[in-house]
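Notes follow the structure.
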Amino acid sequence: MLTAVLLGVGVAAGAHPGALAIAAVAVLEPRLVLAGAGVWGIVAAVRRRAQRIGPDDEATYFRALAAELRAGASLRRALGEAAHRVPTVSFDRPVRFALAGAPMEDIAAMVEERVPANGRLAAAAFRLSDWSGARVADTFEGLADRAAGAAEMSRERRAATAQARLSAIV
């Protein structure tokens, strides 16, 4: 009876129907809620892993960024244009901040946390360009080469590991 009264109060108060349904299931069968939370956690972990930026994506992004800078775009505008060339990776937050005119220090920090392997060097290039107005297209091209080299080494390492496993099995 108390459960029905609380659900009625929730409906009257304008609570979201999905939240009310979860609350009702939690009261009636808590194990289902625990199972659902476990499935949700696994799905969220898989999605996070899928959204990681790899060295190939880094190389593509930095090459696009260098090309945009060489074409005469400002660093803020080049961020957005380069992000459009790598749709598998989300650079939405740094691009929005850049177009809104946020300090380059903040944008550099966002790019640093988004790009795992070369983030610090990329952030340093952003800061250098902001402080001195230096041209950093060559720097981003070098970062792209470095990321492409890391991707190649990663592929070679995986191939060698697979060969070693097969040899051990044989």
Side-chain angles (χ1 to χ4, degrees), residues 10-23 25-26 33 36-158:
V11 168
H16 191 276
L20 291 175
I22 290 172
V25 171
V33 174
V39 168
W40 178 77
I42 291 170
V43 168
V46 168
R47 282 186 180 170
R48 269 194 312 273
R49 177 172 281 169
Q51 290 180 346
R52 284 190 189 157
I53 183 170
D56 287 322
D57 293 328
E58 268 188 55
T60 303
Y61 179 72
F62 287 136
R63 284 198 204 296
L65 193 57
E68 291 295 330
L69 290 171
R70 284 196 180 104
S74 68
L75 186 56
R76 291 177 186 276
R77 182 71 57 193
L79 267 171
E81 295 301 322
H84 290 294
R85 293 190 193 180
V86 189
T88 57
V89 180
S90 173
F91 283 97
D92 291 341
R93 189 167 179 242
V95 169
R96 279 182 299 159
F97 274 64
L99 294 177
M104 192 57 75
E105 185 72 28
D106 296 343
I107 297 165
M110 287 179 228
V111 171
E112 181 177 352
E113 75 181 27
R114 190 69 188 116
V115 181
N118 295 308
R120 283 190 171 181
L121 295 173
F126 279 101
R127 290 180 186 111
L128 175 68
S129 176
D130 182 43
W131 293 334
S132 67
R135 299 185 181 271
V136 290
D138 291 335
T139 304
F140 289 119
E141 191 67 39
L143 289 175
D145 291 340
R146 184 175 182 206
E152 181 64 29
M153 291 303 294
S154 175
R155 285 189 289 273
E156 286 182 23
R157 188 179 326 115
R158 282 195 306 264

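- For F97, there are no ring pair (Phe, Tyr, Trp, His ring centres under 6.0 Å) partners at least two apart in sequence or on another chain.
- Contact check for F140 versus F126: side-chain heavy atoms found under the 4.5 Å cut-off.
- Listed by chain and number, the residues in a side-chain hydrogen bond (donor to acceptor under 3.5 Å, both in side chains) with E81 amount to none (sequence neighbours excluded).
- With contacts defined as side-chain heavy-atom distances shorter than 4.5 Å, the pair M153/P55 does not qualify.
- Counting only heavy atoms from C-beta outward, the side chains of L75 and M104 approach each other to under 4.5 Å.
- For the atom pair CG (L79) and CE (M110), the distance works out to 10.0 Å, reported to the nearest 0.5 Å.
- Evaluation of the side-chain hydrogen bond (donor to acceptor under 3.5 Å, both in side chains) rule for R76 yields no partner, not counting sequence neighbours.
- When all heavy atoms are compared, the tightest approach of E58 to P116 is OE2-CD, 3.6 Å.
- A147 and A59 get closest at one heavy-atom pair: CB-N, 3.7 Å.
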Verify side-chain contact (heavy atoms from CB on, under 4.5 Å) between R114 and F91, making sure each step is shown before the conclusion. CA-CA 8 Å; R114 190 69 188 116; F91 283 97; 3.7 Å; yes
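- Applying the side-chain hydrogen bond (donor to acceptor under 3.5 Å, both in side chains) test to pairs two or more places apart or on separate chains, those with a residue in residues 143-158 are D56-R155, R63-D145, N118-R146, E152-R155, S154-R158.
- For R77, there are no salt bridge (Lys or Arg N to Asp or Glu O under 4.0 Å) partners at least two apart in sequence or on another chain.
- The distance from atom CG of L69 to atom CG of L65, rounded to the nearest 0.5 Å, is 5.0 Å.
- If you take CD1 on I107 and CZ on R93, they are separated by 11.0 Å, rounding to the nearest 0.5 Å.
- By the salt bridge (Lys or Arg N to Asp or Glu O under 4.0 Å) test, E112 is found to be paired with R120, R127, residues two or more places apart in sequence or in another chain being considered.
- Pairing each heavy atom of A137 with each of A66, the nearest pair is O-CB, 3.4 Å.
- Proximity of L121 to T139: side-chain heavy atoms (C-beta onward) are nowhere separated by under 4.5 Å.
- Taking 4.5 Å as the limit, every side-chain heavy atom of Y61 sits out of range of all side-chain heavy atoms of R85.
- Of all heavy-atom pairs between P94 and V111, the closest is CB-CG2, 4.0 Å.
- At least one side-chain heavy atom of D138 sits under 4.5 Å from a side-chain heavy atom of R70.
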